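Source: prediction; values computed, not measured. Keep in mind that the numbers below use all heavy atoms, side chains included, and drop hydrogens, waters and symmetry copies.
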Amino acid sequence: MFGVTTSDDYRPVTWIGRYPVRVTSILCGLFIIGMFATVIIETVPWNISPLALQIYPFLHGRLWQPITAPLIQDANFFFLFSILFFYWSGNQVEQYLGVRRYLGLIGLLLLAPVIVLLLWGPTGIPWTYVGSYELTIGMFIAFAALYPDMEVMSWVNLKWLAFAGLVLASMQYLPKHLWGNLTIMWAMCLTSFGFIRYVQGRIPLAPLPKFHWFRRRPKLHIVQKSAARRVIEPDDLSSSVDPILDKISKSGIGSLTDAERRQLDRARKQLLKKSE
């Protein structure tokens, strides 16, 4: 069930020596591989656009684009810091959520650009989404939502650092009018924040209605009430034996039924106890 974790969810995926390997470590490794692959493809040169997320090619069969688009990485000096930043925040979020819920968060973050570009579709603007920049910011917002009062470098709370970073990240899209990338970043941040609040129970969701249209109705069985056993007291027992004795005198003991024989035997044992 969604939102339920077990103790195994908090364990690393594997170990390399004494170092744990978590899902975040694997994602960082894929980003690094994607950076080298991007450099090779652009050096050859090959057309890298089939790997980028564009809504019209995606709707016409290129369903791999939401997964390959974040792997397209530019090689620059700050790429290493971006990887370390994602590892720092993502690792903390994964250890809090567990593997299953963490993978659910990653899936929602990968789905967010698709939904945003679908909403931009009627405008006719062919926005293109590549890179892990927005994904890294969204993961940091999830980290800040978990630990808002955590002090960074002993002078600023994490929530204020996240707010300042989000404002600066938004400002860089304004001069170039990259509204598509701006909305993708905000969609990822809102998705991360909402997911963490849902896990923490601060965003209660109404239960889904239960429909019983196709459920087989249970069959009703009429159970007859069994007669309660009547405890025969000694006085009642002796009086109930008289008809049996009359029957023996008329037809012999062989004419008695099994029930009458048991009743006669109980009366005999009862009389023996009274005579003792």
Side-chain angles (χ1 to χ4, degrees), residues 1-13 20-28 30-31 70 78-116 119 129 131-174 178-207:
M1 183 183 293
F2 180 75
V4 179
T5 58
T6 63
S7 58
D8 294 338
D9 291 331
Y10 299 94
R11 297 178 181 177
V13 177
V21 178
R22 300 186 179 274
V23 176
T24 305
S25 305
I26 298 175
L27 291 176
C28 290
L30 291 176
F31 292 153
F78 294 98
F79 173 76
L80 179 62
F81 295 97
S82 176
I83 292 297
L84 293 176
F85 195 69
F86 181 85
Y87 178 81
W88 174 53
S89 57
N91 195 44
Q92 297 295 326
V93 174
E94 180 182 357
Q95 292 185 51
Y96 180 92
L97 296 178
V99 175
R100 296 184 183 179
R101 291 189 295 195
Y102 183 70
L103 290 176
L105 174 60
I106 295 296
L108 291 176
L109 293 178
L110 294 178
L111 184 62
V114 178
I115 297 176
V116 170
L119 295 177
Y129 168 68
S132 61
Y133 179 74
E134 292 82 4
L135 184 63
T136 301
I137 296 176
M139 187 59 66
F140 182 67
I141 295 300
F143 180 36
L146 286 175
Y147 307 103
D149 297 323
M150 174 182 175
E151 290 189 353
V152 180
M153 301 177 65
S154 301
W155 69 277
V156 60
N157 289 343
L158 193 59
K159 59 184 177 183
W160 298 119
L161 182 63
F163 176 77
L166 186 57
V167 171
L168 293 175
S170 301
M171 291 174 62
Q172 74 171 357
Y173 295 110
L174 300 180
L178 298 176
W179 311 120
N181 296 85
L182 177 63
T183 50
I184 287 175
M185 184 195 70
W186 273 95
M188 286 192 175
C189 293
L190 292 175
T191 299
S192 298
F193 184 81
F195 186 87
I196 295 301
R197 287 293 182 262
Y198 168 71
V199 170
Q200 292 176 333
R202 300 187 184 184
I203 302 181
L205 297 181

Chemist: Please find the pair of heavy atoms, one from I141 and one from A162, that lie closest to each other, and give the distance.
Modeler: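 For I141 and A162, the tightest heavy-atom pair comes out as CD1-CB, 4.0 Å.
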
Chemist: Please determine whether side-chain contact (heavy atoms from CB on, under 4.5 Å) holds for the pair F163 and V167, giving the CA-CA distance in whole Å, both sets of side-chain angles, and the decisive distance to 0.1 Å.
Modeler: CA-CA 6 Å; F163 176 77; V167 171; 4.1 Å; yes

Chemist: On a heavy-atom basis, which atom in I203 and which in G194 lie closest, and how many Å separate them?
Modeler: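 Looks like CD1-O, 3.7 Å.
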
Chemist: What's the shortest heavy-atom distance between V156 and W160, and which atoms?
Modeler: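 In this case the closest contact between V156 and W160 is CG2-CB, 4.1 Å.
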
Chemist: Over 60° means perpendicular and under 30° means parallel, so tell me whether W88 and F140 are parallel, tilted or perpendicular.
Modeler: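 Taking F140 first and then W88, their aromatic rings sit tilted (interplane angle of 30° to 60°).
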
Chemist: CG/N181 to OH/Y173 distance, rounded to the nearest 0.5 angstrom?
Modeler: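 If I round to the nearest 0.5 Å, the distance is 5.5 Å.
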
Chemist: Any heavy-atom pair between the side chains of L166 and W186 that's under 4.5 Å?
Modeler: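 Touching, per the 4.5 Å side-chain cut-off.
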
Chemist: Please examine the side chains of L146 and Q200, heavy atoms only from C-beta on, and report whether any two atoms are closer than 4.5 Å.
Modeler: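 Answer yes - side chains close enough.
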
Chemist: Please round to the nearest 0.5 Å and tell me the distance separating atom OG1 of T183 and atom CG of L178.
Modeler: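 If we round to the nearest 0.5 Å, T183:OG1 and L178:CG are 10.0 Å apart.
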
Chemist: Of all the heavy-atom pairs spanning T191 and A112, show the shortest one and how long it is.
Modeler: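 Where T191 meets A112 most closely, the heavy atoms are OG1-CB, 4.3 Å.
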
Chemist: Find the distance between CG (N91) and OG (S25) and round it off to the nearest 0.5 Å.
Modeler: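 N91 atom CG to S25 atom OG measures 6.0 Å (nearest 0.5 Å).
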
Chemist: Where is the tightest heavy-atom contact between E151 and N157, given as atom of each residue plus distance?
Modeler: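 So the minimum-distance heavy-atom pair works out to CG-OD1, 3.6 Å.
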
Chemist: Please check if the number of heavy atoms outside Y87 that lie under 6.0 Å from its OH is greater than 12.
Modeler: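 At most 12 heavy atoms, drawn from other residues, nucleotides or ligands, come within 6.0 Å of this atom.
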
Chemist: Output the distance between atom OH (Y133) and atom CE (M188), rounded to the nearest 0.5 Å.
Modeler: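 Between Y133 OH and M188 CE, I get 12.5 Å after rounding to 0.5 Å.
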
Chemist: Can any side-chain N or O of S82 pair as donor or acceptor with the backbone N or O of F78 at less than 3.5 Å?
Modeler: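 No, S82 side chain to F78 backbone: no donor-acceptor pair under 3.5 Å.
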
Chemist: Can you find a heavy atom in the side chain of P20 that is under 4.5 Å from one in the side chain of R11?
Modeler: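 Not in contact.
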
Chemist: Indicate yes or no: at least one non-hydrogen side-chain atom of Y96 is less than 4.5 angstrom from one of F143.
Modeler: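 A side-chain contact is absent here, since even the closest heavy-atom pair is not under 4.5 Å.
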
Chemist: My understanding is that only one of L27, L30, L110, L109 makes a side-chain contact (heavy atoms from CB on, under 4.5 Å) with P70; could you say which?
Modeler: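 That would be L110.
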
Chemist: Nearest 0.5 Å, what's the CE-CD distance between M139 and E94?
Modeler: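 M139 CE to E94 CD: 9.0 Å, rounded to 0.5 Å.
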
Chemist: Taking the side chain as C-beta and beyond, is there a heavy-atom pair between Y102 and R22 under 4.5 Å?
Modeler: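 Not in contact.
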
Chemist: If only atom types and distance count, is the side chain of E134 paired as donor or acceptor with the main-chain N or O of I184 below 3.5 Å?
Modeler: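 Not a single qualifying donor-acceptor pair exists.
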
Chemist: With a 4.5 Å limit on heavy-atom distance, are the side chains of V199 and F195 in contact?
Modeler: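 Result yes, sub-4.5 Å side-chain heavy-atom pair found.
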
Chemist: Under 4.5 Å between any side-chain heavy atoms of L97 and I196, yes or no?
Modeler: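 Counting from C-beta outward, L97 and I196 do come under 4.5 Å.
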
Chemist: Look up atom CD1 in I83 and atom OG1 in T24, then write down how far apart they are to the nearest 0.5 Å.
Modeler: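 These two atoms lie 11.5 Å from each other.
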
Chemist: Would you mind reporting whether V114 and Y129 have side-chain heavy atoms less than 4.5 Å apart?
Modeler: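 No, side chains not in contact.
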
Chemist: Of the non-hydrogen atoms in I137 and M185, which two are nearest, and what is the gap between them?
Modeler: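 Heavy-atom minimum between the residues: CD1-SD, 3.7 Å.
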
